[in-house]
Number of protein chains: 2
Amino acid sequence: MATLKDVAERAEVSVSTVSRVINKEPLVKPGTREKVEAAIEELGYLPNRVAQRLRSINYRKKLIGLVLPDIQNPFYVDVVRGVEEAAYRQNFSVMIGNFDQTEEKEKIFLEILQSESIDGLIVAPARGRDENIRKVIENGYPVVCIDRGLVDLDVDVVKVNNEEGARNAIEFLIGLGHRRIAHITGHPSIATTRERVAGYDMAMRAHGLDIDPELVRNSDSSYQSGAELMQELIDLDEPPTAVFTANNLLTLGALKTIHENELHIPEDISIVGFDDMYWSSSLNPPLTAVRQSGYDIGGLATELLVKKIAHPEASTSSVVLDTELIVRHSCKPPRGSVA
Amino acid sequence: MATLKDVAERAEVSVSTVSRVINKEPLVKPGTREKVEAAIEELGYLPNRVAQRLRSINYRKKLIGLVLPDIQNPFYVDVVRGVEEAAYRQNFSVMIGNFDQTEEKEKIFLEILQSESIDGLIVAPARGRDENIRKVIENGYPVVCIDRGLVDLDVDVVKVNNEEGARNAIEFLIGLGHRRIAHITGHPSIATTRERVAGYDMAMRAHGLDIDPELVRNSDSSYQSGAELMQELIDLDEPPTAVFTANNLLTLGALKTIHENELHIPEDISIVGFDDMYWSSSLNPPLTAVRQSGYDIGGLATELLVKKIAHPEASTSSVVLDTELIVRHSCKPPRGSVA
DNA sequence: GGAAAAAATGGGAACGTTCCCATTTTTTGT
DNA sequence: ACAAAAAATGGGAACGTTCCCATTTTTTCC
């Protein structure tokens, strides 16, 4: 592959000048610039990003890391797209790591990213307290969290208003006449889970409804546990007439169980899921869901990170986006109600 | 961050020796190795992968690229997981690029990867002919294709037996008594599409059924076009009693339209999809699908690539995996049939 | 016990860039 | 037209490693 030196020789200028052209620095005479650009074209020169990164000063490496707990979750796929798009606009590359919810993999991946000399990091922490991420921050890397923040750490966050999203969903169900509303939650160690539970509680209490602890069940946020917990709810002496699932994997798991039990949605049971998917209309019936835009979250997080890379001293900020309740056809008043 | 030099000073050995320890080379006295490892531990040293990559000889950079047309497609997400897992086992990192089906993005991404000094590349070509990929191969990079190969280029491929997969699906439908079986295909420029169509044709002909060209419709493999083409099929004077969709996005799109038209699966129409998803059981009714393991494909492609990186002179090989028809509940004999 | 062979270690160039400073060229103002 | 200022270019060290070769130390074997 052609190097800077090759280009310099061809264009009959110094290596420094070619470097300046590559980096679009202003102090190059137009004529020189053209000569150099011609040489680059002729040689098919591509800058070696590895050498660039090795030599460049901190905030100019043009590489950010993205660390996600579960790439099988469509929400995070949207985040990936949002981050890639925004990063691309700012001429940054993205290195993606998926740690499948395991702490060990997360640690390894964070180390790799630091070894790769990233400028900064976007991460969706699996737990509220995360020693691995704390270390990265202590090492001086700019970090932006998505989806949820970190306990004890003052860090930039881009997230949605989970409490409100959950509250809207529950109030919608209450409005339809439901009283026994179940909530399959995520892992209680995650802030997101607690906020969504808080929204559930708030809505229930605001309408004078008791919260039956049997109807609120913690999970590990997986497809599997969504299916299992749904079965437990169905097997209850007095099963719920509606269920609110705290993320899309749980929703899909719950749907599986509902279908297996040959219950009909929405006649036998209503369901609202947190997280919408582009194919939610393909479900039967089309799913009513609380939409949070992973794409927007990823995009905003990237912009925030890029700013922070340029101005590391700036104070931390947090962005809270609104959710939207997308009403489709998976809910109706409970049997025998007079809504 | 601590460097090799820091470790060397602390352990009172030369930089070369530390490098040898890092790279697990055998020619180090056990005692020395321990001293060095202690120093590494104490300083929290992490090798700088950028410097390593810059200096290392060709096949030792320990980085591979993965270029995919559409990360929103769950099949490719499985591929990502398979590649990451296998790469991790071999101590390789993976740089992922998603080009959203656009040629321009693909080009940019392939250039970035070359700039990043990758050892080799796994790619799912969007088209059968791809100048961008051809260039990468000409530049001497080992390349393994997944899902489909490239016209005119002798390249390693890991794929499934598409023809057989499609044939099995169609024969299953014929066995149930269907005669008017539609096929929503992918883009005709893609080999995968042609192979699946060939399987469809073969099955139909083998059972003496005419192929009605109205029932075979080309798409761009998107969710949107799956929905649109399904509507066209439903609007036919003599609509099909069963439909075979050529990938999971098309399947989801078709399902949306079927539900919108208030048709019932499988009473009004049967559907078999190419590509299974882990949540196919969550669809209502659970989807009958031709399963191809993206995870296995990704894993095998990675192993093949790693071998090729070590022995670039080896002749190209291609791996063809079998598909599996997962029968769930989205198919039954057509109305009025005496199956 | 000593020479030869093998093992272990060290020194320094090189990878392809950027960055800093020095030098040369051009522009500006009078 | 000339000095001063500004713009443009060049030279070479440095980034943190690996790799090659040289040197030193240890082992082997008669």
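A note on names: the letters A, B, ... follow the listed sequences, proteins ahead of strands, and every chain is numbered from 1. All figures in this text were calculated on a predicted structure; none of them were measured in a lab.
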As a test of understanding, state which of B:D156, B:D119, B:T316 forms a side-chain hydrogen bond (donor to acceptor under 3.5 Å, both in side chains) with B:K308. B:D156
Nearest-nucleotide comparison on DNA chain D, the residue closer to the 5′ end among B:L46 and A:V28: A:V28
So, under a plain 3.5 Å distance rule, would you say the side chain of A:R20 forms a donor-acceptor pair with the base of D:dG10? yes
Once you round it to whole Å, what is the distance between P of D:dT17 and CZ of B:R53? 13 Å
So, under a plain 3.5 Å distance rule, would you say the side chain of B:S16 forms a donor-acceptor pair with the base of C:dG11? yes
So do the side chains of B:R89 and B:E303 get within less than 4.5 Å of each other, counting heavy atoms only? yes
Pairwise 5' ranking along DNA chain C for B:A51 and A:I22, keeping only the more 5' one: B:A51
At under 4.0 Å between heavy atoms, what does A:V50 touch on the DNA or RNA strands: base, sugar-phosphate, or nothing? nothing
Select one nucleotide: of C:dT18, C:dT17, D:dT17, the one nearest the side-chain heavy atoms of A:S56. C:dT18
Taken to the nearest whole Å, CG/A:N23 to P/C:dC20 is 13 Å
Using purine N1 to pyrimidine N3 plus N6-O4 or O6-N4 for Watson-Crick, or N1-O2 and O6-N3 for G-U wobble, both under 3.5 Å, which nucleotide pairs with C:dC20? D:dG11
Looking only at side-chain N and O atoms, does B:N48 come under 4.0 Å of OP1 or OP2 in D:dC15? no
Taking the minimum atom-to-atom distance to the side chain of B:L4, which one of C:dT18, C:dT17, D:dT18 wins? D:dT18
Nearest to side-chain heavy atoms of A:T32, which nucleotide of D:dG16, D:dA8, C:dA7: D:dA8
Counting C-beta onward and ignoring hydrogens, is there a side-chain heavy-atom pair between A:I297 and A:L300 closer than 4.5 Å? no
On DNA chain C, nearest-nucleotide positions of A:T3 versus A:K29: which is more 5'? A:T3
Find the distance A:L54:CG to D:dA14:P and express it as a whole number of Å. 14 Å
Starting at CD of B:Q52 and ending at P of D:dC19, how long is that distance when rounded to a whole Å? 10 Å
Looking at B:T17, does any N or O in its side chain come under 4.0 Å of the phosphate oxygens OP1/OP2 on C:dG10? yes
Under 4.0 Å: is that the gap between some side-chain N or O of A:Y59 and OP1 or OP2 of C:dT18? no
Can you tell me the distance, in whole Å, between the CD atom of B:E34 and the C1' atom of C:dA8? 16 Å
Between P on D:dC15 and CZ on A:R49, what's the gap in Å once rounded to a whole number? 23 Å
In this structure, are over 12 heavy atoms from other groups packed under 6.0 Å from B:Y278 atom OH? yes
Rounding to a whole Å, what distance do you find between A:K61:NZ and C:dT17:P? 16 Å
D:dC19, OP1 or OP2 - any side-chain N/O from B:R60 closer than 4.0 Å? yes
Could you tell me whether B:E12 and B:K35 make a salt bridge, using a distance below 4.0 angstrom between a side-chain N and a carboxylate O? no
Using a heavy-atom cut-off of under 4.0 Å over every strand shown, decide if A:I57 touches base, sugar-phosphate, or nothing. sugar-phosphate
Whole-Å distance, B:D6 CG to D:dT17 P, equals 9 Å
Do the side chains of A:D100 and A:K105 get close enough for a salt bridge, i.e. N-O under 4.0 angstrom? yes
Within the pair A:S19 and C:dT18, is there a side-chain N or O less than 4.0 Å away from OP1 or OP2? yes
